[in-house]
Protein chains: 2
Amino acid sequence: MWQRHQHSQCIKEALSKAEQICIDHQCRLTPIRKKVLELIWKSHKPIKAYDLLAQLSSEDFIEKPPTVYRALEFLIDNNLIHRIESQNAYIGCNTDHETLDSKFLICDQCNEVEELSEPKINKTLSEISKKQGFIPSLVNVEIHGTCSQCAQH
Amino acid sequence: MWQRHQHSQCIKEALSKAEQICIDHQCRLTPIRKKVLELIWKSHKPIKAYDLLAQLSSEDFIEKPPTVYRALEFLIDNNLIHRIESQNAYIGCNTDHETLDSKFLICDQCNEVEELSEPKINKTLSEISKKQGFIPSLVNVEIHGTCSQCAQH
DNA sequence: TTAGTAATGTTATAGTATAACATTACGTAT
DNA sequence: ATACGTAATGTTATACTATAACATTACTAA
Ligand SMILES: [Zn+2]
Ligand SMILES: [Zn+2]
Ligand SMILES: [Zn+2]
Ligand SMILES: [Zn+2]
């Protein structure tokens, strides 16, 4: 799914994107929010709220559930991360969003997740919604299966 | 989303479909499973596991979580119901499935849910998966928004 | 029968998330 | 600088969702 890559670069980019978005949205990337975002970006696999909690507590951060859930909520609201509904887990956002949508390929073998940004999906879904007189505000697509890496082995 | 209709008909159809599927799949629609399916079909809104539990306990059924979760698992495995991931809730299946997919329009106003069966969605998603070398096994689509009924008011 | 499997009963606990209220930090107007 | 309002975090408690593990019962088919 992902070629091996300098992953620290991903984190750096995610953080600077976050800084920019916070400027645009007039909100603050506080230490907790930043730390949670970093932890989430440590891999391309979804991470669970209580795993984040555990990692936070091993550093100098408060380790109570509301802390991490608030940070997650903030990051989700600003499209910096997404929730993988089928796993109760969270992953960094890898695309730019014009609409509220999150669309993923989820490998059930290696558990890596890739975000899809094909406008064609949104277009198809939006057309079908309209045909039913339904006005969509938020789209979530989760496709489980086997990624190309895992399929080769 | 739904025209007013004789809803008892929905339940009847759901039950007879379930009977048939159990014959085909060589499994049993036991009293508990049947009761849970009926309770789910009482509306076109998703229902939560613990709400089912409460309703079961008011009748002569055992009211422990494993009971209802087992019934839900059975019904899901046989494509008789689906789980709405964004709500931790369950709803009756309204379509015939060739593949493992569940696709829904979810009205955030009235909370009614309509299952989509457009093959076009599956086709689009499957094409895009393939382009990435991804082999899909299960698709979940949840579109939140406002249904046509609610949009008129 | 009887053995094997499927389904359910039962107890306990794991895992996920939020309510409610107190406190602190920050931005801004005076 | 001070005071004020708001945003963010701290804290405690609890609600909500789901499964593990093992015992018992029901069904099926030699
Ligand atoms: Zn994204
Ligand atoms: Zn994989
Ligand atoms: Zn269905
Ligand atoms: Zn509606």
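Here is the naming used below: chain letters follow the sequence lines, and residue numbers restart at 1 for every chain.
- A donor-acceptor pair under 3.5 Å links the side-chain atoms of A:K45 to the main chain of A:C110, judged by distance alone.
- Side-chain atoms of A:P66 lie closest to C:dA19 of the nucleotides C:dT16, C:dT8, C:dA19.
- The nearest whole Å value for the distance from the CD atom in B:E85 to the C1' atom in D:dT17 is 13 Å.
- A pairwise comparison of heavy atoms in A:R83 and A:I76 identifies CB-CD1, 4.2 Å as the closest pair.
- When all heavy atoms are compared, the tightest approach of A:G145 to B:S137 is CA-OG, 3.5 Å.
- Checked for salt-bridge contact, A:K103 and A:E142 miss the test: no charged N lies under 4.0 Å from a carboxylate O.
- In this structure, CD of A:E73 is placed 18 Å from P of C:dT16, rounded to the nearest angstrom.
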Between the protein and nucleotides 28-30 of chain D, which nitrogen or oxygen pairs come in under 3.5 angstrom?
none

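- Rounded to an integer number of Å, the gap from CG of A:D51 to P of C:dG15 is 10 Å.
- Between A:E63 atom CD and D:dT9 atom P there is a gap of 15 Å when expressed in whole angstrom units.
- Close to C:dT8, at under 4.0 Å from its OP1 or OP2, lies a side-chain N or O of B:T30.
- Between A:K64 and D:dT9 there is no side-chain polar atom (N or O) within less than 4.0 angstrom of OP1 or OP2.
- Taking 4.0 angstrom as the limit, A:K48 places a side-chain polar atom (N or O) nearer than this to OP1 or OP2 of C:dT16.
- Side-chain contact check for B:T95 and B:H97: at least one donor-acceptor pair (N or O, by modelled atom type) lies under 3.5 Å.
- The nucleotide whose nearest atom lies closest to any side-chain atom of B:R33 is, among C:dA7, D:dT17, D:dT11, C:dA7.
- Following rounding to the nearest Å, A:I84 (CD1) and C:dA17 (C1') show an atom-to-atom distance of 18 Å.
- Distances from the side chain of B:T67 to the nucleotides C:dT10, D:dG10, C:dT18 place C:dT10 closest.
- Comparing C:dA17, D:dT9, C:dT18 against the side chain of A:Y90 picks out C:dA17 as the nearest.
- Between A:Y69 and C:dA17 there is a side-chain polar atom (N or O) within less than 4.0 angstrom of OP1 or OP2.
- Remark: the backbone N or O of B:Q87 is paired with a side-chain donor or acceptor of B:K48 at under 3.5 angstrom.
- Atom CG of B:L53 is separated from atom P of D:dA18 by 12 Å (rounded to the nearest Å).
- The cluster map of Ile, Leu, Val, Met, Phe, Trp and Tyr, joined by side-chain heavy atoms under 4.5 Å apart, puts A:Y69 and A:I81 in the same cluster.
- The side-chain ring of B:Y50 is not stacked on the base of D:dC16, judged by centre separation under 5.5 angstrom and plane angle under 30 degrees.
- With rounding to whole Å, A:Q26 atom CD is found 12 Å from D:dA8 atom P.
- Rounded to whole Å, atom P of D:dA7 lies 14 Å from atom CG of A:D77.
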